[in-house]
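This structure is a prediction, so every number in the text was calculated from the model and none was measured. Letters A, B, ... mirror the listed sequences (proteins, then strands); counts begin at 1. As a basis for the values below, the full set of heavy atoms in this structure was taken, side chains included, without hydrogen atoms, waters or symmetry mates.
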2 protein chains.
Amino acid sequence: MKLSTRGKYGLYAMYYLAAHAGEGPQTLQNISTVGVPKQYLEQILGNLRRAGLVSTVRGAQGGYQIATDPQETSLRDIIDAVEGPIELSECASSEHSCQRSGTCPVRWVWQRVTDSINQELEKIKLVDMLNQPCESEENL
Amino acid sequence: MKLSTRGKYGLYAMYYLAAHAGEGPQTLQNISTVGVPKQYLEQILGNLRRAGLVSTVRGAQGGYQIATDPQETSLRDIIDAVEGPIELSECASSEHSCQRSGTCPVRWVWQRVTDSINQELEKIKLVDMLNQPCESEENL
DNA sequence: GGAAATCCGATTAAAAAAGTCGGGATTCCG
DNA sequence: CGGAATCCCGACTTTTTTAATCGGATTTCC
């Protein structure tokens, strides 16, 4: 059970943008650090933009800016935006992939776990990350 | 974010074995139903056996039996056995995959979510599945 | 001894994730 | 105006992971 790197990169990006709010648009160049491929990050920022979490300014001197209040933005907003909603397995989400849906105990249990993960993700806000001790700016 | 089918099949199998406890060894044939490939299930039952959750009897008239108390067996035991412990991403689990470990806020948040998922999985016991309404035996 | 089972490493096939490419569009600035 | 900076975006390739299969070895019952 793994979250993909998309989620991780998405968090990095949002964290960076929140930390640099009010400093004007941040370029892809700025946001990406060692180990984060720029062009891949670009895709992910596209997801975040389409979800309304970041706004962009195109053209020279352009870049990305956070578009929401870090106090109100939960991890779930971010994860859902970059990875899509979590689905523990097909039978738990789409109604028709399994004949047994409705009465299947596995399905029931899956649903319970999914709900619980979502609730936990909603509890954690972007601002909570900002408040974490962090040695230096380099730790984006 | 998806749980693999291994987890699902593992749950099916444990559910089946719990429901047929005391009826002697259940063969792979018995346990697998439509849509669950026998040879794949065999691998998964191997994981469960090595984790001590099922016991086996080899040879003719042999099969699999549940080896634990469904009241004490949590989903986490099962999932960990068949999929390995959950790791949301490398940086959150192995110490040395990232220079920033220790101070990275992303790492912190990842750890929080992982802990919370594990706690939830521990709360749900196999017996809770057995107590779920279930239309018929066929719904293993 | 033969049939019914589990056991197990190796291999293949399919799917998903990660990363790359190339060009298009927009905007600033001189 | 023209060039540089920068986001935009669909398509592609590569890599990794997951799922499934295979073939034979071993054990045990009858």
Side-chain angles (χ1 to χ4, degrees), chain A residues 1-13 16-17 24-51 53-67 79 82-91 97, chain B residues 1-10 12-13 16-17 24-67 79 82-91 97:
Chain A
M1 184 165 177
K2 272 179 111 167
L3 209 58
S4 63
T5 61
R6 286 184 83 87
K8 187 166 74 172
Y9 292 163
L11 280 189
Y12 271 130
Y16 184 95
L17 292 178
Q26 301 293 314
T27 68
L28 202 49
Q29 193 65 245
N30 291 147
I31 304 168
S32 78
T33 36
V34 283
V36 184
K38 273 197 280 296
Q39 291 178 302
Y40 192 33
L41 187 59
E42 192 180 11
Q43 286 182 12
I44 292 163
L45 281 162
N47 289 148
L48 291 169
R49 176 176 52 80
R50 283 184 289 272
L53 297 176
V54 311
S55 64
T56 54
V57 179
R58 301 187 64 177
Q61 269 63 49
Y64 300 87
Q65 284 171 299
I66 192 165
I79 303 284
V82 302
E83 307 207 18
I86 71 177
E87 299 182 9
L88 291 186
S89 84
E90 293 139 33
C91 86
S97 58
Chain B
M1 183 165 177
K2 274 180 111 164
L3 210 58
S4 61
T5 60
R6 287 185 84 84
K8 188 166 71 172
Y9 292 161
Y12 270 129
Y16 184 95
L17 292 178
Q26 301 294 314
T27 66
L28 203 47
Q29 194 64 245
N30 291 148
I31 305 170
S32 79
T33 35
V34 282
V36 184
K38 273 196 281 297
Q39 290 177 303
Y40 192 33
L41 187 59
E42 190 180 14
Q43 286 181 14
I44 293 164
L45 282 162
N47 289 146
L48 291 169
R49 175 176 51 80
R50 281 183 289 272
L53 297 176
V54 312
S55 63
T56 54
V57 179
R58 302 188 64 177
Q61 269 64 49
Y64 301 88
Q65 282 171 302
I66 192 165
I79 303 284
V82 300
E83 308 206 19
I86 71 177
E87 300 182 10
L88 292 186
S89 83
E90 294 142 29
C91 88
S97 59

Review point. Is there a donor and acceptor pair closer than 3.5 Å between the side chain of R58(A) and the base of dT27(C)?
Key: no
Rounding to an integer number of Å, can you tell me how far [X] [atom1] sits from [N] [atom2]?
X: R49(B); N: dC8(C); atom1: CZ; atom2: P; value: 5 Å
X: K8(A); N: dA17(C); atom1: NZ; atom2: P; value: 15 Å
X: Q65(A); N: dT6(D); atom1: CD; atom2: P; value: 14 Å
X: L28(A); N: dT20(C); atom1: CG; atom2: P; value: 13 Å
X: L48(B); N: dC7(C); atom1: CG; atom2: P; value: 11 Å
X: I31(A); N: dT6(D); atom1: CD1; atom2: P; value: 12 Å
X: Q29(A); N: dA4(D); atom1: CD; atom2: P; value: 17 Å
X: R50(A); N: dC7(D); atom1: CZ; atom2: C1'; value: 12 Å

Check your understanding: Using a cut-off of 4.0 Å on non-hydrogen atoms, how would the nucleic acid contact of L45(B) be classed: base, sugar-phosphate, or nothing?
Key -> nothing
Exercise for review: Remember a base hit wins even if backbone is also touched, and classify G63(A) as base, sugar-phosphate or nothing at under 4.0 Å, heavy atoms.
Suggested key: sugar-phosphate
With no hydrogens and no angle check, is any side-chain donor or acceptor of [X] less than 3.5 Å from a backbone partner on [Y]?
X: R6(B); Y: V82(B); value: yes
X: T5(B); Y: K8(B); value: no
X: E83(A); Y: G7(A); value: yes

Given [options], the nucleotide with the shortest approach to the side chain of [X]:
X: Q39(A); options: dG22(C), dA18(C), dC7(C); result: dG22(C)
X: Q43(B); options: dA20(D), dC30(D), dC9(D); result: dA20(D)
X: Y64(A); options: dC7(D), dA19(D), dT6(C); result: dC7(D)

Exercise for review: Using a cut-off of strictly less than 4.0 Å, decide whether Y40(A) has a side-chain nitrogen or oxygen near OP1 or OP2 of dA17(C).
Suggested key: no
Check your understanding: Would you say a side-chain N or O of T56(A) is under 4.0 Å from OP1 or OP2 of dC7(D)?
Key -> no
Exercise for review: Report the residue (V57(B) or Q61(A)) whose heavy-atom-nearest nucleotide on DNA chain D is the more 5′ of the two.
Suggested key: Q61(A)
Exercise for review: Return the 5'-most residue of the pair A60(A), E42(A) with respect to DNA chain D, ranking by each residue's nearest nucleotide.
Suggested key: A60(A)
Check your understanding: Do the side chains of N30(A) and Y16(A) get nearer than 4.5 Å, heavy atoms only?
Key -> yes
Check your understanding: Given L45(A), which of T56(A), L53(A), L28(A) fulfils the side-chain contact (heavy atoms from CB on, under 4.5 Å) condition?
Key -> L28(A)
